[in-house]
Student: 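Submitted below is the structure of interest, expressed as structure tokens.
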There are 2 protein chains.
Amino acid sequence: MLKVCTYNVNSIRKRLHIVFPLMEKVDILCMQETKVEDRKFPEADFHLKGYHVVFSGGKARNGVAIASKFEPDEYFSGINGEKDRVIAARFGKLWVINVYAPQGQSIESEYYRYKLEFFKKLKEFLSEFVDFKGYYLLCGDMNVAPEDIDVHSPDKLRNHVCFHEDVKKAFKEIVQLGFVDVLRKHHPKERIYTFYDYRVRDAVKRGLGWRVDHILATEKLAEKSKDCYVLLEYRTTEKPSDHVPLVAEFEKV
Amino acid sequence: MLKVCTYNVNSIRKRLHIVFPLMEKVDILCMQETKVEDRKFPEADFHLKGYHVVFSGGKARNGVAIASKFEPDEYFSGINGEKDRVIAARFGKLWVINVYAPQGQSIESEYYRYKLEFFKKLKEFLSEFVDFKGYYLLCGDMNVAPEDIDVHSPDKLRNHVCFHEDVKKAFKEIVQLGFVDVLRKHHPKERIYTFYDYRVRDAVKRGLGWRVDHILATEKLAEKSKDCYVLLEYRTTEKPSDHVPLVAEFEKV
DNA sequence: GAAACGTCGG
DNA sequence: CCGACGTTTC
């Protein structure tokens, strides 16, 4: 069994106490918002624990990394001239593409236009790069809740940058290139959230969450998926990220 | 036996892991540089451990506090319109006056003039307030090393704001009002430091310290002093202050 | 070197 | 609320 996890760490340096216990449970960990320049990435800590890690980030914001129990055969980072939002690594026949999509701030803002542009560029990249007859995994913090079931109050949130029609459409176009939403394959109707905003008090207790982190697999790979679930305990330990790790299990490819 | 301690905590909120173990060893703890507004002072933590505490500070800088195992009979804070550099409490016949003197930045700076002015005002206050036939303790971070033996390199430091002639004179005038330097009573020739600057690497190991924290007693009280010593172990634990707690032991008054 | 704070961003 | 960072002070 192969376990792959996506987790927005909200600073890798402040989350090592969560990341290493998590690595004991999974084989490949895709991280977003590492918030660290490459030269300051805590690479040695991973090596000391016997893990491999590849990363790509800039100062203070964004940043992505993939940690793994086996060494990637190859990897690259960056699309569209930006190095801190996409990193991909190949493990044998499996390509793992890890994405941190822009949040977008507000519907009217420049950042939202940039977010929509990002999805357009990401779609172009994936159309080129992915062999939809192969084993490809697209995971990360997409900053999109695709359906009403994926947010706590859909009718109140239709103008939110992570739930607006335009961004849902942009995301859907990517899925429709040929991906399967692995969580929904196994839990089509369950309310499962991967993000509880720090700023809303007792968000977990009150169920005020979002499903914005995703694991998407090409069909051939999705056929091998056995389950997909969140690890909420990591959102409720000491000094948590405001995201929740999302795990998918696959038969070995 | 009564044990009184002076300790520049360099943020009370970041030093509770040191302050509470220290309180197990002493009866009265005078703290400087609490660096916290009164409304954010961690008063509840002291009460939870069964200690009394009085404090007076402003935002971010300075700030003084006195914690104790018995309740003070009375206390006040502030001299000269400044509330965050002096606090005093009476325990029966004993008055404890806790001071955080300005550092002074550099000999030429405005802050140094203010430092000299502070000592002048402090002297005036003490002349008025202290009954030199009674039991009074003046302790705190004075930011003055009174003699050559009190700094690691006297000849290199004659222009330092904590070792300049003018500030030594200002401090000496206060002592000569009628105080005894309790550490020097018991250890007249020993090199004992209470401060090792964070910025000098391996300062403790290399002996690059200063004696700028003091416990001064009126003569009647000094007669009852049994010993005075530093607790260097608290400068070498996890997350230390750059100062060292200084303890004086007295027969009960 | 370490602390508080203000600003920016999620 | 919780990050990173720049600034100020010691």
Side-chain angles (χ1 to χ4, degrees), chain A residues 8-16 18 31-37 40-41 57-63 84-85 100-106 109-112 114-115 141-143 160-162 194-204 208 210 212-213 235-236 238-243, chain B residues 8-16 18 31-37 40-41 57-63 84-85 100-106 109-112 114-115 141-144 160-162 194-204 208 210 212-213 235 238-243:
Chain A
N8 179 318
V9 291
N10 190 11
S11 170
I12 181 67
R13 286 173 293 180
K14 291 284 168 90
R15 227 57 73 197
L16 294 177
I18 290 182
M31 294 171 274
Q32 304 87 37
E33 283 204 89
T34 51
K35 288 186 173 177
V36 68
E37 294 165 85
K40 293 186 182 175
F41 192 97
K59 225 186 199 181
R61 297 201 281 138
N62 312 327
D84 61 354
R85 291 195 178 275
Y100 175 55
Q103 199 260 3
Q105 206 135 42
S106 80
S109 89
E110 190 137 16
Y111 290 97
Y112 187 60
Y114 159 64
K115 180 177 189 172
D141 178 356
M142 301 301 174
N143 268 312
H160 192 285
V161 288
C162 297
T194 66
F195 169 64
Y196 296 90
D197 197 319
Y198 278 138
R199 288 164 292 184
V200 349
R201 344 174 310 277
D202 300 319
V204 175
L208 301 180
W210 298 69
V212 292
D213 301 275
R235 174 60 239 255
T236 46
E238 279 298 285
K239 291 249 162 210
S241 162
D242 49 3
H243 287 254
Chain B
N8 179 318
V9 290
N10 189 11
S11 169
I12 181 68
R13 287 175 292 180
K14 292 282 169 91
R15 228 57 73 196
L16 294 177
I18 291 181
M31 294 171 275
Q32 305 85 37
E33 282 204 272
T34 51
K35 288 186 173 178
V36 68
E37 295 163 85
K40 293 186 181 174
F41 192 97
K59 225 185 199 182
R61 297 200 279 138
N62 313 328
D84 61 354
R85 290 195 179 274
Y100 175 55
Q103 199 260 4
Q105 206 136 44
S106 77
S109 89
E110 191 135 18
Y111 291 97
Y112 187 61
Y114 160 65
K115 181 177 188 173
D141 179 355
M142 301 300 173
N143 268 311
V144 180
H160 191 285
V161 288
C162 297
T194 66
F195 169 65
Y196 296 91
D197 197 317
Y198 278 138
R199 288 163 291 183
V200 349
R201 347 173 308 278
D202 300 318
V204 176
L208 301 180
W210 298 70
V212 292
D213 301 275
R235 173 61 239 258
E238 279 297 286
K239 290 247 163 214
S241 161
D242 49 3
H243 287 253

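Quick note: numbers below take in every heavy atom, side chains included, and nothing from hydrogens, waters or symmetry partners. Convention: sequence-line order gives letters A, B, ...; per-chain numbering from 1.
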Student: Mark up nucleotides 5-10 of chain D, 5' to 3', with B wherever a protein heavy atom is under 4.0 angstrom from a base atom, S wherever such an atom reaches only the sugar-phosphate, and - elsewhere.
Tutor: SS--SB
Student: Please list, in 5' to 3' order, the outermost nucleotides of DNA chain C lying under 4.0 Å from any heavy atom of chain B.
Tutor: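 Answer, 5' to 3': C:dG1 to C:dG6.
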Student: Keeping the roles fixed (side chain from A:Arg235, backbone from A:Ser241), state whether a donor-acceptor pair exists under 3.5 Å.
Tutor: yes
Student: Excluding sequence neighbours, so at least two apart, what forms ring pair (Phe, Tyr, Trp, His ring centres under 6.0 Å) with B:Tyr112?
Tutor: B:His164
Student: So, B:Ser106 side chain and B:Val161 main chain: donor-acceptor pair closer than 3.5 Å or not?
Tutor: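 Flag not set: sc B:Ser106 to bb B:Val161 has no pair under 3.5 Å.
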Student: Between B:Gln103 and B:Gln105 (side chain of the first, backbone of the second, donor and acceptor by atom type, cut-off under 3.5 Å), is there such a pair?
Tutor: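 A pair under 3.5 Å: yes.
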Student: To the nearest Å, give me how far apart NZ (A:Lys239) and P (D:dG3) are.
Tutor: 4 Å
Student: CD1/B:Ile12 to NZ/B:Lys40 distance, rounded to the nearest 0.5 angstrom?
Tutor: 15.5 Å
Student: Could you check if a side-chain atom of A:Lys35 sits within less than 4.5 angstrom of a side-chain atom of A:Asn62, using non-hydrogen atoms only?
Tutor: no
Student: Set out, in order, the CA-CA distance, both residues' side-chain angles and the distance that settles side chain to side chain contact (heavy atoms under 4.5 Å, CB included) for B:Arg85 and B:Gln32, then state yes or no.
Tutor: CA-CA 8 Å; B:Arg85 290 195 179 274; B:Gln32 305 85 37; over 6 Å; no
Student: Could you go through A:His243 and A:Val212, starting from their C-alpha distance and side-chain angles, then the distance that decides it, and tell me whether this counts as side chain to side chain contact (heavy atoms under 4.5 Å, CB included)?
Tutor: CA-CA 9 Å; A:His243 287 254; A:Val212 292; 4.0 Å; yes
